[in-house]
Undergrad: 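What follows is a structure written as structure tokens; I'll ask about it next.
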Amino acid sequence: MDRLIVDGYNVIHAWPSLKRLLGVSLEAARDKLIERLSVYGLVTGGDVTVVFDAHHPSATANAKEEVEGVHVIFTRKGHSADHAIERLAYTATGAGDNLTVATSDRFQSDLIRGMGGAVISAPELERQVVAAEEDLGRRVKRYQ
């Protein structure tokens, strides 16, 4: 299975359009990222997970939900998104999944590659998401 795991806040701070939304609210930036990743997953057929650091400072367990086909994880108190991504990557590569992690964090990139996963930078993910959005737009126009 093709799996994409996204370092949520790393990507939000790297994409100019999402970084601007931080001026509105963190939630608005997260929602827009999830919406765009949903289109990416729909077009590519891949399994998409986005991981964010703790949503509630008192959370004692990771919060998991599915939003528009995207698996969304908020880590529990005291645990970083990096740690959660590493665990997910370890499980995915162990299962033989074709794994890609989207992050611009160099240490995490090296670790994921060491597990046998692929890494793309936040700007590269943005290019791929834009291409998926354009592809979906073309598909929709064919049926109008």
Side-chain angles (χ1 to χ4, degrees), residues 1-140:
M1 170 189 301
D2 286 342
R3 294 195 51 160
L4 172 67
I5 301 173
V6 178
D7 185 342
Y9 291 132
N10 183 276
V11 169
I12 285 173
H13 287 281
W15 292 10
S17 62
L18 296 178
K19 196 167 185 174
R20 276 192 300 276
L21 275 177
L22 288 173
V24 176
S25 76
L26 184 57
E27 186 176 359
R30 282 194 309 253
D31 289 349
K32 181 53 91 172
L33 174 60
I34 293 165
E35 176 187 311
R36 295 187 71 193
L37 290 174
S38 175
V39 171
Y40 177 83
L42 180 71
V43 171
T44 64
D47 183 72
V48 179
T49 301
V50 60
V51 182
F52 297 103
D53 291 312
H55 186 51
H56 297 290
S58 60
T60 57
N62 287 355
K64 300 176 183 179
E65 59 184 299
E66 189 166 322
V67 180
E68 299 182 42
V70 176
H71 306 283
V72 180
I73 299 172
F74 288 97
T75 62
R76 66 184 181 267
K77 178 183 176 186
H79 287 254
S80 70
D82 291 352
H83 187 248
I85 291 167
E86 290 156 17
R87 281 195 323 268
L88 289 167
Y90 180 78
T91 301
T93 56
D97 291 345
N98 184 17
L99 172 71
T100 302
V101 173
T103 184
S104 292
D105 181 303
R106 188 178 178 128
F107 176 77
Q108 189 173 40
S109 297
D110 291 345
L111 195 62
I112 298 303
R113 285 188 188 100
M115 289 183 202
V119 177
I120 59 173
S121 67
E124 175 56 27
L125 175 63
E126 185 174 29
R127 284 189 285 280
Q128 291 183 18
V129 167
V130 167
E133 290 166 340
E134 290 170 351
D135 185 30
L136 183 61
R138 284 189 297 275
R139 290 182 192 187
V140 168

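Since the structure is predicted, the reported quantities are computational estimates derived from the model, not experimental observations.
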Undergrad: Would you say that Q128 contacts I120 through its side chain, given a criterion of any heavy-atom pair below 4.5 Å between the two side chains?
TA: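 Yes - at least one pair of side-chain heavy atoms lies under 4.5 Å apart.
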Undergrad: Working to the nearest 0.5 Å, report the span between CG of D135 and CG of L42.
TA: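 Separation between the atoms: 9.5 Å.
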Undergrad: With a 4.5 Å limit on heavy-atom distance, are the side chains of F74 and R30 in contact?
TA: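 F74 reaches R30 side chain to side chain.
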Undergrad: Kindly state each residue pair satisfying salt bridge (charged side-chain N to carboxylate O under 4.0 Å, His left out) with at least one member in residues 117-128, sequence neighbours excluded.
TA: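 Passing the test, one end in residues 117-128: E124-R127.
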Undergrad: Verify side chain to side chain contact (heavy atoms under 4.5 Å, CB included) between V6 and V51, making sure each step is shown before the conclusion.
TA: CA-CA 6 Å; V6 178; V51 182; over 6 Å; no
Undergrad: Would you call S104 and S109 a side-chain contact if the rule is heavy atoms closer than 4.5 Å?
TA: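 They are not in side-chain contact.
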Undergrad: Can you sort out the partners of R106 under side chain to side chain contact (heavy atoms under 4.5 Å, CB included), two or more places apart, ordered by chain and number?
TA: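 By the side chain to side chain contact (heavy atoms under 4.5 Å, CB included) rule, R106 matches D110.
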Undergrad: CD of Q108 to CG of L111: how many Å apart, nearest 0.5 Å?
TA: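 CG of L111 is found 7.5 Å from CD of Q108.
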Undergrad: Would you mind reporting whether F107 and D82 have side-chain heavy atoms less than 4.5 Å apart?
TA: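 No, their side chains stay 4.5 Å or more apart.
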Undergrad: Do I12 and K19 have side chains that approach each other closer than 4.5 Å (heavy atoms only, starting at C-beta)?
TA: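 The answer is no, as the side chains (C-beta and beyond) never meet within the 4.5 Å cut-off.
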Undergrad: Between atom CG of L33 and atom CG of L21, what is the distance when rounded to the nearest 0.5 Å?
TA: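 Reported to 0.5 Å precision, the distance equals 10.5 Å.
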Undergrad: What's the spacing between L99 CG and R113 CZ if we round to 0.5 Å?
TA: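 With rounding to 0.5 Å, CG (L99) is 11.5 Å from CZ (R113).
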Undergrad: Quick one: do the N10 and D105 side chains pair a donor with an acceptor below 3.5 Å?
TA: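 On atom types as modelled, these side chains do not qualify, holding no pair under 3.5 Å.
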Undergrad: Do V130 and E134 come within less than 4.5 Å of each other through their side chains, counting heavy atoms only?
TA: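 Heavy-atom side-chain distance check passes, below 4.5 Å.
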Undergrad: Once rounded to the nearest 0.5 Å, what's the spacing between atom CG of L26 and atom OH of Y9?
TA: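 Answer for the CG-OH pair, L26 versus Y9, is 4.0 Å.
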Undergrad: Using a 4.5 Å cut-off on heavy atoms from C-beta on, say whether the side chain of I112 contacts that of I5.
TA: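 I5 vs I112: side chains apart.
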Undergrad: So which atom in S38 and which in E68 form the shortest heavy-atom distance, rounded to 0.1 Å?
TA: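 Distance-wise, the nearest heavy atoms are OG-O, 2.6 Å.
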Undergrad: Under the criterion side chain to side chain contact (heavy atoms under 4.5 Å, CB included), I'd like the reasoning laid out for L22 against H13: C-alpha separation, chi angles, the key distance, then a yes or no.
TA: CA-CA 9 Å; L22 288 173; H13 287 281; 3.4 Å; yes
Undergrad: Step through the shown structure and confirm whether more than 12 heavy atoms of other residues, nucleotides or ligands are within 6.0 Å of CD on E65.
TA: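 Atom CD in E65 is crowded, with more than 12 foreign heavy atoms closer than 6.0 Å.
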Undergrad: Roughly how far, to the nearest 0.5 Å, is the OG1 atom of T93 from the CG atom of L88?
TA: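 Rounded to the nearest 0.5 Å, the CG-OG1 separation comes to 10.5 Å.
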Undergrad: Heavy-atom distance under 4.5 Å between the side chains of T100 and V119, does that happen here?
TA: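 No - every pair of side-chain heavy atoms lies 4.5 Å or more apart.
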